[in-house]
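This report concerns only the one structure given below.
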Amino acid sequence: ILNVEQSPQSLHVQEGDSTNFTCSFPSSNFYALHWYRWETAKSPEALFVMTLNGDEKKKGRISATLNTKEGYSYLYIKGSQPEDSATYLCAFHPGSTDKLIFGTGTRLQVFP
Amino acid sequence: KAGVTQTPRYLIKTRGQQVTLSCSPISGHRSVSWYQQTPGQGLQFLFEYFSETQRNKGNFPGRFSGRQFSNSRSEMNVSTLELGDSALYLCASHRDRYNEQFFGPGTRLTVL
């Protein structure tokens, strides 16, 4: 059974704080790692698709890193804003199949 | 470009009934994946269709089935509904197996 773990489960930060969370996935049979943001009452929205060990991706104040050898990815948010409040999901794409295996997410709340 | 659409958005059924959910992908996307989300669980993969063929299947009982039409629209069917089938059902379309997925708004199914 392929397991994808995300930590922490939830996070409350003040506006302006920087924050980061972790996604752990199997280190073998890796093809890609996806990050999605899911705001309440909306659809999940893709942030990044990462495929190479050592990959770093950035979109505005959000960035992500990838370590496929040890099986983890970090998502960083610099200077959190209330509009960053959402659940952040990672999904592991193994090389042997096209199923995405999602973690249960990190729920971020940013207080003004 | 129109996004992924799902119908209906909400559905209430009783145990033993069957239900059909519909998903229209983004124009040009030939892959459609279906997911189930229940409280406390991550997105659980149901199945993936590409060019009218089921390419991958998750670990769900045979009561869950799907199909894809020549215009890439997809339907999923759940027969003999159980209380535990109450969930948010999301579909996602993607250009091919390696790309980010674009999610629809979901169908919230309640089984009484």
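Below, read A as the first sequence line, B as the second, and so on, with proteins coming before strands; counting in each chain starts at 1.
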According to a 4.5 Å side-chain heavy-atom criterion applied to Ile, Leu, Val, Met, Phe, Trp and Tyr, with indirect links allowed, do [X] and [Y] form part of one hydrophobic cluster?
{"X": "A/Leu108", "Y": "A/Val4", "value": "yes"}
{"X": "A/Tyr76", "Y": "A/Tyr36", "value": "no"}
{"X": "B/Val4", "Y": "B/Leu21", "value": "no"}
{"X": "A/Trp35", "Y": "A/Leu89", "value": "no"}
{"X": "A/Phe92", "Y": "A/Leu100", "value": "no"}

Notebook entry, point to check: Top residue by heavy-atom pair count (under 4.5 Å) with chain A, among B/Ala92, B/Gly58, B/Gly104, B/Ser33?
Noted result: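 Counting heavy-atom pairs under 4.5 Å, the top option is B/Gly104.
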
Item checked: Euclidean distance, B/Tyr35 OH relative to A/Lys99 NZ, rounded to 0.5 Å -> 11.0 Å

Check: To the nearest 0.5 Å, how far apart are OG in A/Ser43 and CD in B/Gln101?
Finding: 13.0 Å

Notebook entry, point to check: Is there any residue in residues 70-78 of chain B with a non-hydrogen atom under 4.5 Å from a non-hydrogen atom of chain A, and which ones are they?
Noted result: none

Next item on the list: With a 4.5 angstrom heavy-atom cut-off, could you sort out which part of A/Ile101 is near chain B: side chain, backbone, both or neither?
Entry: neither

Next item on the list: Measure A/Phe48 against the heavy atoms of chain B and call it side chain, backbone, both or neither at under 4.5 Å.
Entry: neither

Next item on the list: Might you confirm whether atom CZ of B/Arg15 has over 12 heavy atoms from other residues, nucleotides or ligands at distances under 6.0 Å?
Entry: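 Counting neighbours around CZ of B/Arg15, 12 or fewer heavy atoms of other residues, nucleotides or ligands fall under 6.0 Å, so no.
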
Check: Would you say A/Gln81 has more than 12 foreign heavy atoms packed within less than 6.0 Å of its CD?
Finding: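 Atom CD in A/Gln81 is crowded, with more than 12 foreign heavy atoms closer than 6.0 Å.
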
Next item on the list: Please check if the distance between the ring centroids of B/Phe45 and A/Phe102 is under 6.0 Å.
Entry: no

All N/O donor-acceptor pairs, side-chain side in residues 19-27 of chain A, below 3.5 Å, sequence neighbours left out:
none

Note to self: Show, in sequence, the C-alpha distance, side-chain angles and deciding distance for A/Trp38 and B/Gln37, and conclude whether the side-chain contact (heavy atoms from CB on, under 4.5 Å) test is met.
What the structure shows: CA-CA 13 Å; A/Trp38 194 357; B/Gln37 170 149 51; 2.6 Å; yes

Notebook entry, point to check: Is there a side-chain contact (heavy atoms from CB on, under 4.5 Å) between A/Thr104 and B/Gln41 once you walk through the steps?
Noted result: CA-CA 6 Å; A/Thr104 50; B/Gln41 298 284 318; 5.7 Å; no

Notebook entry, point to check: Can you check side-chain contact (heavy atoms from CB on, under 4.5 Å) on B/Asn99 and A/Val49, steps first, answer last?
Noted result: CA-CA 7 Å; B/Asn99 293 117; A/Val49 178; over 6 Å; no

Next item on the list: Take A/Glu45 and B/Phe102 through the side-chain contact (heavy atoms from CB on, under 4.5 Å) test and state the conclusion after the steps.
Entry: CA-CA 7 Å; A/Glu45 175 195 356; B/Phe102 293 84; over 6 Å; no

